[in-house]
Number of protein chains: 2
Amino acid sequence: MDGVETRELRYFVAVAEELHFGRAAQRLGMAQPPLSRAISLLERRLGTTLLERTSRAVTLTGAGSVLLREARAALDAVEAAERRTRRAALAETGRPGVVLATKAGASGELLAKMLDAYAAEPDAVAVDLLLCGIGEQERMLRDGRADVALLHLPFDSTAGFDTEELVTESQVVVLPAGHPLTTRDQVRMSEVTALPGLPLPRWPGPDGTYPDGPGPQARDHAQLYQLIALGRACWIAPESCRAQLREELAAVPVPDAPTVTTVIAWPPHSRSRAVAGLVRAAVRHCTS
Amino acid sequence: MDGVETRELRYFVAVAEELHFGRAAQRLGMAQPPLSRAISLLERRLGTTLLERTSRAVTLTGAGSVLLREARAALDAVEAAERRTRRAALAETGRPGVVLATKAGASGELLAKMLDAYAAEPDAVAVDLLLCGIGEQERMLRDGRADVALLHLPFDSTAGFDTEELVTESQVVVLPAGHPLTTRDQVRMSEVTALPGLPLPRWPGPDGTYPDGPGPQARDHAQLYQLIALGRACWIAPESCRAQLREELAAVPVPDAPTVTTVIAWPPHSRSRAVAGLVRAAVRHCTS
DNA sequence: GGGGATCGATACCGCACGGGTATCGATCCC
DNA sequence: GGGATCGATACCCGTGCGGTATCGATCCCC
């Protein structure tokens, strides 16, 4: 009758994600029968059924969906405990450092200046950059792979983190050089979404799959810029990306696109000296 | 070499809190030797020493302090997963409901009106009140005993929660009826802190111990008001407490005391229909 | 409609690991 | 220096986790 073990949660998450005991067992590197047993034991301990199984299909019950969400969060917290402890140990007997997660290819000069400003502080420690794919920073921060991150509202969610706003910028549309619209000094959102032959590409979601719908698929900025240069897509991006555009690309302001706010975020209750210093340097740099 | 188990974290937290293997083992209902062994196993798996032990004293290392903080959070998350799953199961096969945590004796009429407003909604479910001691709401929300809470800034921390501001009010000083200051229409903070014979009482912290220093000790509002009525203490409280004051007490505004903001808070990613409805009702009620 | 395939549940077994007792060794105090 | 305190070590036992073999139900297809 006492507490749930992380092993059980890992098992449950595997089954809930696969919706298939056999595959889940394979993923976990174990046989199927003990997995079935562990899940039913978990169900008995929680006093509820988590999965509705017929011999042809496995589906989540309401309680199961709740547990899937909560178990993921709990497992992230346990992993974070493990990782942060290991990092703290390294910092004690070697070079301390913080891991800063940021979207690959975003916030170029802000990042550089912020790191310079922090490095100039007297008690600055090494900052390791962790370049993330779209929306990965959240996870990195949550499971302890990163200590602090740059997020971009409204795309990323800051739920559960402490944050400070850094900069807000308007957006531009990135087009192939020579496109008729590049002669304009601004365009409207409605024009962008209706561009013939230049749809907005689709990005893979957190689960690695692409959303349904039209438009080409791109996995990172290199692919994206390639697509645009080839005249197969366009893209809405923060103004600051203009500094990094290749020759074959051009950007035109879109005043009525939602503004993008860059925030620096860190897990609550873990404001180490280093993270605090980094945050301070970033805020000081951006408000001066 | 795979993940840490919650059992190990529970063991570590017990030892780290007691700083004594024998007592920790007793608290865990087990013998001391297996506990020692489990801790050293944990240390080997994390690749670092967590506790510095001599035969006379046990102290936390830096990594140990980090793990203590992180392990508490992780254990709360695991407990929350357990509790929320159980609640979800109950809600499926019976009467659904949300648990609202609030400071005992605070936000009286706000709470009542908010509950009325919510109850009038078409899909309202039962709201169970969980009256908390000072600062307990945070924990209740974090470990899943509550689904939503009323917090009072700047006293409570909203770190890690989603929140909406409800009302901001100024504060008053609560005095025994007949006290000379009760004839004034306002007093300054500096006058309150210097009141001869009427110190501010001390509250127990989250760990149950009283902070050092002068002043009487009180564990709840009843004791507090008793102390004030007896002329042994005074107290700074939000304006709205005036509605609940006993006859022997009087309140005088303190314009330069920090204002108190009541917020409604809930754990991120768990915005159920019921919680969302409650938040909406509260916000709508307070901004209209 | 029956045979095969799929897939989760059950039965049973062996061993690793968690927990218990006894004891050691170090440290501090009188 | 002797006793007391307290964590570590040594050793043993039983539980429980994970493995293999098999069953039973469901679906599909000829």
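By convention in this document, chain letters (A, B, ...) are assigned in the order of the sequence lines, proteins followed by strands, and residues within each chain are numbered from 1.
A donor and an acceptor atom, one from each side chain of B:Arg69 and B:Ser65, are nowhere located under 3.5 Å apart.
Looking at every heavy atom in both residues, A:Trp266 comes nearest to A:Asp147 through CB-O, 3.7 Å.
Of the candidate nucleotides C:dG8, D:dG18, D:dG7, D:dG7 has the atom nearest to the side chain of B:His20. The listed nucleotides are C:dA9, D:dC17, C:dT21; the one nearest the side chain of A:Pro33 is C:dA9.
B:Phe21 has its CZ atom 11 Å from the P atom of D:dT9, to the nearest Å. One can place CG of A:Leu35 at 14 Å from P of C:dC7, the figure rounded to the nearest angstrom. Summarising the geometry, the separation between CD on A:Gln32 and P on C:dA9 is reported as 7 Å, rounded to the nearest angstrom. If you take CE of A:Met30 and P of D:dG16, they are 16 Å apart, rounded to a whole angstrom. Atom CD in B:Glu5 sits about 10 Å away from atom P in D:dC17, given to the nearest Å. Between B:Gln26 atom CD and D:dC6 atom P there is a gap of 11 Å when expressed in whole angstrom units. Residue A:Leu51 contributes atom CG, which lies 14 Å from atom C1' of C:dC7 at whole-angstrom precision. Atom CG of A:Leu28 and atom P of C:dG8 are 13 Å apart (whole Å).
As the counterpart of C:dC30, D:dG1 is assigned, both hydrogen-bonding distances of the Watson-Crick or G-U wobble pattern falling under 3.5 Å. Base pairing of D:dT20 is made with C:dA11, judged by Watson-Crick or G-U wobble geometry with both donor-acceptor distances under 3.5 Å.
With the nearest nucleotide of DNA chain D identified for both B:Arg23 and B:Ser40, B:Arg23 has the one nearer the 5' end. When each of A:Tyr11 and A:Thr54 is assigned the nucleotide of DNA chain D bearing its nearest heavy atom, the one mapping closer to the 5' terminus is A:Tyr11.
Counting only distance, with no hydrogens or angles, the side chain of B:Tyr118 and the backbone of B:Val279 share no donor-acceptor pair below 3.5 Å.
In summary, of the residues considered (A:Arg87, A:Arg145, A:Met140), a side chain to side chain contact (heavy atoms under 4.5 Å, CB included) with A:Val99 occurs for A:Arg87 alone.
Contact annotation: B:Ser36 reaches the phosphate of D:dA8 (side-chain N/O to OP1 or OP2, under 4.0 Å). Side-chain N/O atoms of B:Arg37 include none lying less than 4.0 angstrom from OP1 or OP2 on D:dT9. At the phosphate of D:dA8, OP1 or OP2 sits under 4.0 Å from a side-chain N or O atom of B:Arg53.
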Between A:Ser40 and A:Arg44, is a side chain to side chain donor-acceptor pair (under 3.5 Å) present by the stated rule, with each step listed? CA-CA 6 Å; A:Ser40 30; A:Arg44 291 182 56 194; over 6 Å; no
